[in-house]
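Written below as C-alpha cells is the structure these notes are about.
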Amino acid sequence: MLSAMDRTEVVRNKETLSRQPKTMNGPQTHISQWLDKTSMIQCILLFNSGSACLRQLLQSTQVWVSLAILTAAALATIDGSAQYANAHDGHGAVTYEVSEPLTEPYDKVHLRLLITDEADEPIAARFTLSVDGKPFVPSQVGDNGLRFMSVHEGKGNRFVATYARGNGPVVVPLPKGLRGTVTAAHGFEYVSSSESFEIGNGSVDCHVRLRRWSKLANEGWQAADEHVHYDRTDRRFDADWLKMLEADGLAHAHFLVLKGGNVPDIWARQYAFGSAGEAGNAKQFIRSGEEYRDSSQGHINLLGLKEVIQPISTGGLVKSNTFNYPPLFDVFRAAHQQGAIGGPAHGGALAKSSTALLDTVLGEVDFFEIANSHLYKTDVWYLLLNCGFILPPVAGTDLPNFGYRDPWQPLFGEVRTYVQMGSESGFEAWQAALKSGKVFVTSGPLLHFTINDLPVGSVVRLPKGGGPIDVVAELQSPRVLESLELVCMGQPVRVTATPSTNDGITCLSLNHRLNITESCWLAVRGTGGPKIAIEQGLSIDQHEIAHSGIIQVLVDNQPIRSTADTASLRTRLVEQQEFYRAQGRFESPDDRRRFIELFETAITKLEN
C-alpha cells in the first residue's frame, strides 16, 4: 500500500494532468509523456489496489492504455538512480542554492514551457528568458524545473541558471510585459533554439524543440567537466546535480574539495570519497576529488580519490599552513597510491614558481589542464610535449568561479573534456580512456582529427628518413568559426582550412599531405566567436576554443625530443630550484633540502 505522502503525490499528479493543454504550439503531445516513472508506477499500484478515484481519472483522461504500456518499461529501466529523488524542498550551501519550487497550481501570470527533442520527447535542458528585450530571471520555477544559483562569496560571483528536468512542462512566473523570448540549450551537440510568446493575463504555452546536430555520442565520446567546486554534502540531492549535468550535455563531473580563497576554511565539501561518494545513473556520473593548492607550487587537480589528502592548501593560502611543503610531487604520489589520477590545473599558472615542470619530469603527472571558462593556456603543455613528456589535455569550468554564460552556453561544462570511451562507462573506464590520449577539449566547436586514418591518441610510425603523412581534420559548430590550425611541435603549419556550411552547421576542414623527417607530435586547434557574457563580466577577450589531444609521429622509432626545448626546460628547472632555495618557506632545513634534491633529480633525468 502507498503511504499518505505517496497518495498526496498521485493527487498532485491528477491536478497536473487536469492542467495540461491539448496542444503545445505544435503537434499534439500525449499526456502520458509528461508522467515520470515514479508517477506511472504509483498510478498502477493505486489502480490495482482499487482506487475508484484514480480509475475515473484514467478513464476520463484516456491515458490508462498508455500507462499500462509504459509501466513495464518504467519498472524495467529503474536502476541505481532510484535512490535519488527530486529535492522538492530546495537546498543549498556556501557555494550554491537550489530554490524551493513554486507551489502549484499557480494562478498568476505564468509560462508553461515544454522543451523537447525533434521527436517531441521531453528533454532536460537549460533555459533563459527575456521580457520586452530585457533579461528576466524568475525567483522560482515549478517542480518540473530547477532554479540553481551559483555562488562564489570571495569574488562576489552569483549566476542563476534555470533548467527543465525533461519530465513535463515547467511553470515559470512572468512579470508584467508584452512579449517574452525563451532560449533553450542542451550542451554542444544540440543546436540551441529560441521561441517568442505573448504575455497575457493567465497561462501562456511555449514549446521549444532542440535539434541534435552531432553524433559524437554514437561514436563513444563522453563529455566531462573535470573541475567543479560545489558543496555536495547530502546524497539525497544528487538527483539535482545529475539532472543539471544531463541538461548541460555532460556524462561526467568531478567535484573537487578545496581550502581557502573563497572562504577561510574548507569549501566544496563532499559527503564521501571513493565509491561511497559516487553518484550516478545509466548516463551521468559524479566523482569526488580535490584541488590541492600551494601559493608557490601552484594548483593540481586530483581525480578519483578515496580520501582527502591533507592539508589541502599550503604556502599561506590559509593561515594554518604558511610553508611550501609538502612538495606537490608527494601529493601526486599519495593520490596514485589511492588509484587516483592528477595533473596541473590552470595551464600551470596561478603560482609564484609552478612545479608543473618538475612533477612531470619526475613522472607523477597524468594529464595537463589547459583551459577553464576564463583561461586558455597551452605554452607549458607544449614545452613538455616537445621534450617527450606525452600528456593528454583536459579542461573544466572551475565553477563557481566566473559563471557568466550566454544563453546557448551550458553552465556545467562551458569548457569541457571529451573522451572516447566506446560503450564503457564509469570512472575507471573514463580514466583509462583519458590516459590513452583519446581526447579533445572545447568550449563549443567539435573536432575530428586523424593522421593516416588513425585517430587522436595514436602513434604513426615511419621508416628511417621519414615520409609523407595524410592529415584530415574538421571543426564544426552551429555558430561562427574563425580558425582551424594544424599544429606541429607547438607551431602552426602553413595550411589553409576550407570553409563550408550544411544545414546551418559551419565547418572548417583540412585535408593535407605533410612530409615528416623526424619524430614529432601533431594536433589541431580552432577558435570560434567571442564568449560575450564572460567578456563583459571579466573585461577580457575570450573566444570559443577547441584543441585536440595529440598524435605522435615517430621516425625510425626515435622518441620525440627537441634539443632547444629540452635546454629551455632544464634552464627553467634550475631557475625554479634557486627560487625555492632562496624564497621557499620551509619549517626545517631538512624540508628545504629534500625539496631542492627533487630538482636535482629532475635535472639529472633530463640531462640523461
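Residues take their numbers from the sequence shown, with the count starting at 1.
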Side chains of [X] and [Y]: closer than 4.5 Å at any heavy-atom pair?
{"X": "Glu291", "Y": "Leu302", "value": "no"}
{"X": "Phe440", "Y": "Thr417", "value": "no"}
{"X": "Asp265", "Y": "Val318", "value": "no"}
{"X": "Asp294", "Y": "Leu317", "value": "no"}

Any idea which heavy atoms bring [X] and [Y] closest together, and the distance?
{"X": "Ser519", "Y": "Pro559", "value": "CB-O, 3.8 Å"}
{"X": "Ser214", "Y": "Leu446", "value": "OG-CD1, 3.4 Å"}
{"X": "Lys259", "Y": "Ser320", "value": "NZ-OG, 4.1 Å"}
{"X": "Met489", "Y": "Asn386", "value": "O-ND2, 3.3 Å"}

Answer yes or no: is there a donor N or O on one side and an acceptor on the other, between the side chain of [X] and the main chain of [Y], under 3.5 Å?
{"X": "Gln222", "Y": "Glu424", "result": "yes"}
{"X": "Ser458", "Y": "Leu454", "result": "no"}
{"X": "Arg405", "Y": "Pro410", "result": "yes"}
{"X": "Asn401", "Y": "Asp398", "result": "yes"}
{"X": "Gln338", "Y": "Lys306", "result": "yes"}
{"X": "Asn262", "Y": "Glu153", "result": "yes"}
{"X": "Ser477", "Y": "Pro445", "result": "no"}
{"X": "Asp231", "Y": "Arg269", "result": "yes"}
{"X": "Ser568", "Y": "Ala564", "result": "no"}
{"X": "Gln409", "Y": "Asp406", "result": "yes"}

Would you call [X]-[Y] a salt bridge at under 4.0 Å N-O?
{"X": "Asp565", "Y": "Arg572", "answer": "no"}
{"X": "Arg513", "Y": "Asp470", "answer": "yes"}
{"X": "Asp591", "Y": "Arg593", "answer": "no"}

Any side-chain donor near an acceptor of the partner, [X] and [Y], under 3.5 Å:
{"X": "Ser296", "Y": "Ser353", "result": "no"}
{"X": "Glu518", "Y": "Gln558", "result": "no"}
{"X": "Gln310", "Y": "Tyr292", "result": "no"}
{"X": "Thr314", "Y": "Asn321", "result": "no"}
{"X": "Thr397", "Y": "Glu414", "result": "no"}
{"X": "Asp225", "Y": "His252", "result": "no"}
{"X": "Arg232", "Y": "Ser288", "result": "yes"}
{"X": "Asn301", "Y": "His299", "result": "no"}
{"X": "Gln297", "Y": "Asn324", "result": "no"}
{"X": "Gln542", "Y": "His374", "result": "no"}
{"X": "Asp238", "Y": "Tyr271", "result": "yes"}

Could you check whether [X] makes a cation-pi contact with [Y], meaning its NZ or CZ is under 6.0 Å from the centre of the six-membered ring and within 45° of the ring axis?
{"X": "Arg592", "Y": "Phe586", "value": "no"}
{"X": "Arg585", "Y": "Phe323", "value": "no"}
{"X": "Arg416", "Y": "Phe188", "value": "yes"}
{"X": "Arg479", "Y": "Trp408", "value": "yes"}

TODO: For Glu600 and Leu573, run side chain to side chain contact (heavy atoms under 4.5 Å, CB included): C-alpha distance rounded to whole Å, both residues' side-chain angles, the deciding distance at 0.1 Å, then the answer.
DONE: CA-CA 9 Å; Glu600 291 291 348; Leu573 288 173; over 6 Å; no
Apply side chain to side chain contact (heavy atoms under 4.5 Å, CB included) to the pair Glu485 and Val524, showing each step before the final yes or no.
-> CA-CA 6 Å; Glu485 292 182 307; Val524 289; over 6 Å; no
Less than 6.0 Å separating the ring centroids of [X] and [Y]?
{"X": "Trp221", "Y": "His448", "answer": "no"}
{"X": "Tyr382", "Y": "Trp521", "answer": "yes"}
{"X": "Tyr230", "Y": "Trp267", "answer": "no"}
{"X": "His346", "Y": "His227", "answer": "yes"}
{"X": "Phe285", "Y": "Trp430", "answer": "no"}

Drop me the distance from [X]'s [atom1] to [Y]'s [atom2], to the nearest 0.5 angstrom.
{"X": "Glu474", "Y": "Ser509", "atom1": "CD", "atom2": "OG", "value": "6.0 Å"}
{"X": "Ile266", "Y": "Glu290", "atom1": "CD1", "atom2": "CD", "value": "9.0 Å"}
{"X": "Leu385", "Y": "Leu383", "atom1": "CG", "atom2": "CG", "value": "9.0 Å"}
{"X": "Leu256", "Y": "Leu305", "atom1": "CG", "atom2": "CG", "value": "9.0 Å"}
{"X": "Ile341", "Y": "Lys435", "atom1": "CD1", "atom2": "NZ", "value": "6.5 Å"}

Should we count [atom1] of [X] as having more than 12 external heavy atoms under 6.0 Å?
{"X": "Asp590", "atom1": "CG", "answer": "yes"}
{"X": "Glu189", "atom1": "CD", "answer": "yes"}
{"X": "Lys283", "atom1": "NZ", "answer": "no"}
{"X": "Glu482", "atom1": "CD", "answer": "yes"}

### Task
Show your reasoning for whether side chain to side chain contact (heavy atoms under 4.5 Å, CB included) applies to Leu216 and Asn218.
CA-CA 5 Å; Leu216 274 180; Asn218 296 347; over 6 Å; no
message: Checking Arg570 against Glu607 for the salt bridge (charged side-chain N to carboxylate O under 4.0 Å, His left out) test, could you report, in this order, the C-alpha distance in whole Å, the side-chain angles of both residues, the deciding distance, and whether it holds?
response: CA-CA 8 Å; Arg570 183 189 183 283; Glu607 291 173 341; 2.5 Å; yes
For the side-chain contact (heavy atoms from CB on, under 4.5 Å) test, which of Leu569, Val361, Leu357, Thr563 pairs with Cys387?
->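 The passing option is Leu569.
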Can Ile550 and Leu522 be said to form a side chain to side chain contact (heavy atoms under 4.5 Å, CB included), step by step?
-> CA-CA 6 Å; Ile550 72 165; Leu522 294 101; over 6 Å; no
### Query
When you look at Glu597 and Arg594, which way does the salt bridge (charged side-chain N to carboxylate O under 4.0 Å, His left out) test go after all the steps?
CA-CA 5 Å; Glu597 287 175 351; Arg594 180 167 182 277; over 6 Å; no
